[in-house]
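Notes to accompany the following structure.
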Amino acid sequence: MKPDLFEAPDYYNLDDLFSEEHKLVRDAAREWVKRDVSPIIETYAQKAEFPKQIIGGLAEIGAFGPYIPENYGGAGLDQISYGLIMQEIERGDSGVRSTASVQSSLVMYPIWKYGNEEQRQKYLPKLASGAFMGAFGLTEPNHGSNPGGMTTNYKDMGDHYLLNGAKLWISNAPFCDVSVVWAKNEEGRIHGLIVERGMEGFSTPETHNKWSLRASATGELIFQDVKVPKENLLPNKSGLGAPLGCLDSARYGIAWGAIGAAMDCYDTALRYAKERVQFGKPVAGFQLQQKKLAEMITEITKAQLLAFRLGQLKNEDKASSAQISMAKRNNVDMALKVAREARQILGGMGITGEYSIMRHMMNLESVVTYEGTHDIHLLITGLDITGLNAFK
Ligand code: TGC
Ligand code: FAD
C-alpha cells in the first residue's frame, strides 16, 4: 500500500470551532492511525482478519469509552471529542471504527447507563483498557430491522437464568470476552444480560466470506441452555428502548466516522488527480474530474457541519433520536457516494489495494446497512415529521 500522505480537508475552517482539547484528541488519534493502522490495514483486510495488536493503541487514544467518566476508566471527554476520534479511526478503516463503536457505545454504554455499581466496577475499567473486548447481540437471523420481534429468551430458574436463542451479524463476536445480549423474559419484556466467554452452552462462530468490513471480525452468538448468573442482568432499564438507546450513541459516532472515510477518499483522489497526466495535463485539470472533486468537498463540508451541530446538541443532552438518524443516514450515504466517485478518478488504480478507496467503498456497504439501514432511518425521519408510522 502507498504511504499515508493524508491531509484533512477543512474547507469551512471548522478548526476555528473546535476547542484546544478537541484538536489535541483528534490529532493524537490522527497520528496513531497514520503510524499504527495505515501501514497494516490493507493486509489485514485482504486476509479478512482483525488486527488484534491495535487494541492497546485504541485504548490509549481514548477510543474505548471516550465519554465514559474517568472513575470507570473512560476518557471523560465530550461528545465532539468522541465524534472526532471516530472520524479519525474510520479515516483508517470502518472495521476498526466498528470495533471501537461496539466496545464504547454498545457494551460500555449499557453497562454504565443500565447496570448497577457492582457491574460498572467489574467491567468498565477492563473494557476501557482493552483487557476485555465486548460484543452487542441484538440482531437475530429472522429479526434485523425489527429487533422487537426477537425470540432469544431467558427463564428464571430460581438461582440463575437459562438463556436460549441466537444472534447473527455480531461485530467482535469471534473474540469477545463479554457480550451484552438482549433477550425476552417469560413475560416477553426485553432485558440486557452480560454473557461471558466460557459459560457452558455459549459459542461464537465466525461469519466468513464477507466482501465488506473484512478487517472486522463478525460472527454469531449462540446460546444453548446457558446458565447466566442473576447478577448479570442489567437492572436499570428494560424494553426495546434500552438497546435502541445504545444505538443512538453508536449511530452518532458513525455520523462522524463516515466523514473520516469520505475525507480519506477525497484526499487520495485529489492528490492522484493532480499527479496523473493524460492528454498532456493532470486529470485534475479536466472539467469532468473537477465536478467530481468539487461536489465531494461540498458534501463533506455539509456533513462536517451537520455532525458538529449534532455534537453541540448531544453535549447539551438535546439531540433527539430522529436528529441522530438523519445524520447517520446522510453522512454514510454521502461517504459511499464520495468513495464511488473517488474510485473512478483513480481509473484502474482505484480497484487495487495500493490505495484505500476501494476498501472504504466496500466497508461503507456495511455501514449503510448496520445500525439501522438507509431505509429505516428515512422512515424514522418520515415518522418524526408527519407523526405517521410507515414501518408497519
Ligand atoms: P418503537 O415502538 O418505535 O419503539 C419501542 C420503544 O423504544 C423507544 N425508542 C427509542 N429509545 C431510544 N432510542 C431510540 N432511537 C428509540 N427509538 C424508539 C420508543 O419510544 C419505545 O419506547 P416505549 O417506552 O414506548 O416502549 O419500536 P418498533 O418496534 O416500531 O421499531 C422501531 C425501529 C424500526 C425504528 C427500530 O426497531 C430500529 O431502529 N430498527 C433498526 C435496528 C437496528 O438499528 N439494529 C442495529 C443492531 S446493532 C448494529 O447494527 C451494530 S453494528 C456494529 C458497529 O457499529 O460497528
Ligand atoms: P432486513 O431487516 O431483513 O432488511 C432487508 C431490507 O428490507 C433492507 O433494505 C431494509 O431497509 C428493508 N426493510 C426492512 N424493514 C422495512 C420497512 N419496515 N420498510 C421498508 N423497508 C424495510 N447487529 C447487532 O446486533 N450487533 C452487531 O454488532 C452487528 N454488527 C454488524 C456487522 C455487519 C458487518 C453487518 C452487515 C451487520 C451487523 N449487525 C449487527 C446487523 C445489522 O444491524 C442488520 O444487518 C441491520 O439492522 C439490518 O437487518 P437485516 O440485515 O436483517 O436486514
Side-chain angles (χ1 to χ4, degrees), residues 48 50 86 89-90 93-107 109-110 113-114 133-150 152 165-174 176 179-183 188-190 192 204 206-221 237-258 319-326 328-329 332 362-384 389-392:
F50 173 69
M86 296 299 121
I89 298 176
E90 192 146 2
D93 190 80
S94 303
V96 178
R97 198 269 308 133
S98 271
T99 292
S101 292
V102 170
Q103 184 89 343
S104 297
S105 291
L106 300 183
V107 180
Y109 178 89
K113 284 287 180 187
Y114 314 148
M133 292 303 292
F136 174 87
L138 181 65
T139 305
E140 298 187 350
N142 294 321
H143 300 96
S145 298
N146 175 27
M150 70 174 67
T152 297
K167 302 289 178 179
L168 185 67
W169 291 119
I170 308 304
S171 302
N172 299 355
C176 69
S179 55
V180 170
V181 176
W182 300 94
R189 182 92 183 150
I190 295 171
T204 62
E206 184 156 2
T207 302
H208 295 289
N209 296 330
K210 290 181 299 167
W211 283 111
S212 172
L213 284 198
R214 289 172 61 82
S216 160
T218 314
E220 296 169 61
L221 303 175
K237 190 158 167 109
S238 63
L240 187 58
L244 291 179
C246 308
L247 295 183
D248 273 358
S249 179
R251 290 166 177 174
Y252 166 75
I254 292 171
W256 281 90
S320 70
S321 299
Q323 286 170 327
I324 293 169
S325 279
M326 181 184 281
K328 190 270 183 185
R329 179 175 186 275
V332 176
M362 295 195 300
N363 283 342
L364 289 161
E365 291 291 346
S366 286
V367 183
V368 80
T369 289
Y370 69 30
E371 298 270 8
T373 67
H374 192 63
D375 299 329
I376 289 294
H377 288 297
L378 177 126
L379 295 176
I380 291 172
T381 305
L383 170 59
D384 195 48
N389 186 331
F391 289 106
K392 304 170 189 172

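Reckoned from all heavy atoms, side chains included, excluding hydrogens, waters and symmetry mates. Both counts, for ligands and for their atoms, begin at 1 and track the order of listing.
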[X] contact mode with ligand 2 (heavy-atom cut-off under 4.0 Å):
X	result
L379	side chain
S171	both
H143	neither

Within the structure, does [X] bring an N/O atom to less than 3.5 angstrom of an N/O atom in ligand 2?
X	result
L138	yes
K210	no
Y370	no

Protein non-hydrogen atom below 4.0 angstrom of [atom] present:
atom	answer
atom 21 (C) of ligand 1	no
atom 6 (C) of ligand 2	no
atom 3 (O) of ligand 2	no
atom 25 (O) of ligand 1	no
atom 28 (O) of ligand 2	yes
atom 17 (N) of ligand 1	yes
atom 30 (O) of ligand 1	yes
atom 33 (C) of ligand 2	yes
atom 1 (P) of ligand 1	no

Closest protein heavy atom (residue, atom, distance) for [atom]:
atom	value
atom 50 (P) of ligand 2	G144 CA, 3.9 Å
atom 30 (N) of ligand 2	W169 O, 2.8 Å
atom 1 (P) of ligand 2	S145 OG, 3.7 Å
atom 45 (O) of ligand 2	T369 CG2, 3.9 Å
atom 14 (C) of ligand 1	S321 OG, 3.4 Å
atom 24 (C) of ligand 2	T139 OG1, 3.3 Å
atom 12 (C) of ligand 2	D375 OD2, 4.0 Å

key: Ligand-side contact atoms (ligand 2) for residue partner F391, heavy atom cut-off under 4.0 Å   =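 By the 4.0 Å cutoff, the relevant atoms are 18 (N).
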inquiry  = Which of the numbered atoms in ligand 2 are under 4.0 angstrom from any heavy atom belonging to I170?
reply    = 24 (C), 25 (O), 26 (N), 27 (C), 28 (O)
Side chain, backbone, both or neither: [X] near ligand 1, heavy atoms under 4.0 Å:
X	result
R251	side chain
L244	both
W169	neither
L247	side chain
S145	backbone
L379	neither
N389	neither

Taking only heavy atoms of [X] into account, list the atoms of ligand 1 that are under 4.0 Å away from them.
X	result
G245	12 (C), 13 (N)
F136	48 (S)
T139	47 (C)

